[in-house]
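Please read the structure below before turning to the comments.
Any value given below was found using the heavy atoms of this structure, including those in side chains, with hydrogens, waters and symmetry copies removed.
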Amino acid sequence: MYGPVLLVIAHGSRDPRHAATVHALVRRVRALRPGLRVETGFLDFNAPAVPRVLERLAFEGVRDVVALPLLLTRAFHAKADIPAVLAQAPPQLDIRLADVLGPSPLLLSTVERRLQEALYEAGLTPADKHSTGVVLASAGSTDPEAIAGIADVARELRHTGWCAVRPAFASAVSPGGYPRTEDAVRELRASDVRRVAVAPYVIAPGFLPDRIVRGAHDADVLAEVLGAAPELARLLLVRYEQARAAGPVALTA
């Protein structure tokens with residue numbers, strides 16, 4: 001084993017597909033970096049909980065840990081929940097907190113991969129993207145930084161050749177004015193696009209991702225969640241190396 005232990009911190013869900021997807025992604029990370037110890041901890045609902053993983057690592061004599069939030073944007077979990085949990089870790093652990101996954105070209109490539117796969121399943125070709133509008137549907141947030149981050153991803157996705165891209169939230173309408181998934185689908189349908197695709201901007205299935213699926217019932221194409229895509233696994237290693245190079249940061253309880 002070399003380098004600090006990578007601790008991937010996921011939100012957790014009562015939906016068993018969530019944990020299964022997280023574990024599949026972590027397995028892909030391990031395959032990309034043999035010799036790197038990669039652990040998984042959950043904030044809620046699933047085991048092992050993050051505090052239990054940290055206690056076990058300390059008991060085993062581990063000293064260096066990179067904690068990586070499995071989050072797409074910097075909102076409440078990234079700014080408050082995770083730092084608070086890490087601040088209570090055993091004192092012998094030297095913890096470096098990695099940045100969230102977005103924004104990143106690799107994340108945009110993951111969205112593009114899922115959309116292209118969905119086009120293929122619908123009997124379409126990559127050329128059909130130029131007449132397809134996309135609803136980029138995320139879970140939702142009231143955090144201005146997170147809302148702005150989703151807008152940035154939508155703009156970047158539009159530049160890859162889709163004829164229109166609309167951000168949407170699975171949860172209530174945001175302060176930034178983002179509609180729900182079904183409303184964004186209707187808006188695009190009323191414009192001059194030939195077809196509408198919905199791209200879930202979420203990592204794993206669960207309650208809010210299922211709401212995205214229900215909101216996409218009038219769309220022509222529905223992509224899968226980001227899941228254990230190879231680009232996403234590579235991005236986790238990029239964030240790991242960045243945190244490793246940056247060194248420890250102060251964590252507050």
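With salt bridges taken as basic N to acidic carboxylate O contacts below 4.0 Å, one links R113 and E117. A salt bridge links E112 with K129: the distance from a Lys NZ or Arg NE/NH1/NH2 to an Asp or Glu carboxylate oxygen falls below 4.0 Å. Between R17 and D210 there is a salt bridge, with a side-chain nitrogen of the basic residue lying less than 4.0 Å from a carboxylate oxygen of the acidic one. Taking 4.0 Å as the cut-off between side-chain N and carboxylate O, E55 and R52 count as a salt-bridged pair. Residues E145 and K79 are paired through a salt bridge, judged by an N-O separation under 4.0 Å between the basic side chain and the carboxylate. Between R33 and E241, at least one side-chain N (NZ, or NE/NH1/NH2) sits under 4.0 Å from a carboxylate O, which counts as a salt bridge.
With sequence neighbours left out, H217 forms a ring pair (Phe, Tyr, Trp, His ring centres under 6.0 Å) with no residue at all.
In this structure a side-chain-to-backbone donor-acceptor pair under 3.5 Å is missing from R96 to V66. Side-chain atoms of R211 do not come within 3.5 Å of backbone N or O of G215 as any donor-acceptor pair. Although no hydrogens or angles enter the test, the distance criterion places a donor-acceptor pair under 3.5 Å between the side chain of N46 and the main chain of S13.
Of the candidates L235, L236, L237, L235 is the only one forming a side-chain contact (heavy atoms from CB on, under 4.5 Å) with R239.
Side chains of R195 and S131: a donor-acceptor N/O pair is present below 3.5 angstrom, by distance only.
The aromatic rings of F45 and H11 sit tilted relative to each other, their planes meeting at an angle between 30° and 60°.
Applying the side chain to side chain donor-acceptor pair (under 3.5 Å) test to pairs two or more places apart or on separate chains, those with a residue in residues 58-73 are R37-E60.
Cluster note: V202 groups with V135, V185, L188, V193, V196, V198, I212, V213, L222, V225 through ILVMFWY side-chain heavy atoms spaced under 4.5 Å, whether in direct contact or through intervening members.
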